[in-house]
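Below is one structure, written out as C-alpha cells; comments come after it.
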Amino acid sequence: MNKKDSRLRRAKRLRSKVRELEAVRLCVHRTPRHIYAQVISGDGSSVIAAASTLDSELRKQLESTGNVEAAKRVGGLIAKRAIEAGVTQVAFDRSGFVYHGRVKALADAARENGLQF
C-alpha cells in the first residue's frame, strides 16, 4: 500500500463516520501548490460554500499559494462564506491528511473566524 492509498483509506473511514452523524462537514484538500476547502451539506449532495487559493480575490493578495499564510487566508474566507450561508457548526474532514502545517493553519483560521468544530 502506497502513501496515497493509505491517505484515502483514512479519509474513507472518517467520511463514513461523519455521514452516519449527518453533520455538515468542512472538507480540505491540499496539493503542493494550492489548498482547497468546501463546506458540504450533511447528506453530501451539495456544496454550501467553497474557497481556495485559486480565488481571484485571494490570488491578488498572496505571494505564494502553497504555504501556511495562504492556508490561513483560505480558512478565514471559508468561515466567512459559511457563516453568510447560515452554517456555524461543522465537522472537520481533513481528507486523510495529517493535522499539521497547512491543514492545521486552515482549521485554526476557520475557528478564529467563527466556525465551530
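In what follows, residues are counted from 1 in the order of the sequence shown.
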Minimum heavy-atom distance between [X] and [Y], given as atom pair plus value:
X	Y	answer
Val39	Ala82	CG2-CB, 3.9 Å
Thr31	Arg102	O-NH2, 2.8 Å
Gly101	Val68	C-CG2, 4.3 Å
Ala37	Leu26	CB-CD1, 4.2 Å
Ala23	Ala91	CB-CB, 4.1 Å

When the side chains of residues 110-117 are checked against the rest of the protein, which donor-acceptor pairs come out under 3.5 Å, sequence neighbours left out?
unit_1 : atom_1 : unit_2 : atom_2 : d
Arg111 : NH1    : Tyr99  : OH     : 3.2
Arg111 : NH1    : Asp108 : OD1    : 3.3
Asn113 : ND2    : Ala109 : O      : 2.7

Sequence neighbours excluded, every pair satisfying ring-ring contact (aromatic ring centres under 6.0 Å, His included) that has a member inside residues 31-62: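 Matches after skipping sequence neighbours: none remain.
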What donor-acceptor contacts under 3.5 angstrom involve side-chain atoms of residues 83-90, with partners at least two apart or in another chain?
none

For residues Ile40 and Val103: do they belong to one hydrophobic cluster (side chain heavy atoms under 4.5 Å, members Ile, Leu, Val, Met, Phe, Trp, Tyr)?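 No, Ile40 and Val103 fall in different hydrophobic clusters.
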Is there side-chain contact between Arg73 and Glu69, with heavy atoms separated by less than 4.5 Å?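 Arg73 reaches Glu69 side chain to side chain.
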Do Arg10 and Ser6 have side chains that get closer than 4.5 Å, going by heavy atoms?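 Yes. Closest side-chain heavy atoms under 4.5 Å.
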Restricting to side chain to side chain contact (heavy atoms under 4.5 Å, CB included), what partner residues turn up for Ala51, sequence neighbours left out?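 Scan of Ala51 (side chain to side chain contact (heavy atoms under 4.5 Å, CB included), adjacent residues dropped) gives Asp55, Val74, Leu77, Ile78, Arg81.
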Has Glu22 got more than 12 heavy atoms of other residues, nucleotides or ligands less than 6.0 Å from its CD?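 Counting other residues, nucleotides and ligands, CD of Glu22 stays at 12 neighbours or fewer.
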For the side chain of Ser52 and the backbone of Leu54, is there at least one donor-acceptor N/O pair under 3.5 Å apart?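 Flag set: sc Ser52 to bb Leu54 pair under 3.5 Å.
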Arg59 and Thr53: CA distance, side-chain angles, deciding distance, side chain to side chain contact (heavy atoms under 4.5 Å, CB included) verdict: CA-CA 6 Å; Arg59 284 200 82 156; Thr53 51; 5.8 Å; no
Using the test side chain to side chain donor-acceptor pair (under 3.5 Å), find all partners of Glu63 that sit at least two apart in sequence or belong to another chain.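 Partners of Glu63 by the side chain to side chain donor-acceptor pair (under 3.5 Å) criterion come out as none, since no residue qualifies.
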Could you tell me which residues satisfy side chain to side chain donor-acceptor pair (under 3.5 Å) with Asp93, sequence neighbours excluded, listed by chain and number?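 Only Arg15, Arg25 meet the side chain to side chain donor-acceptor pair (under 3.5 Å) criterion with Asp93.
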Applying side chain to side chain contact (heavy atoms under 4.5 Å, CB included), run through Ile35 and His29 and close with a yes or a no. CA-CA 6 Å; Ile35 191 158; His29 181 74; over 6 Å; no
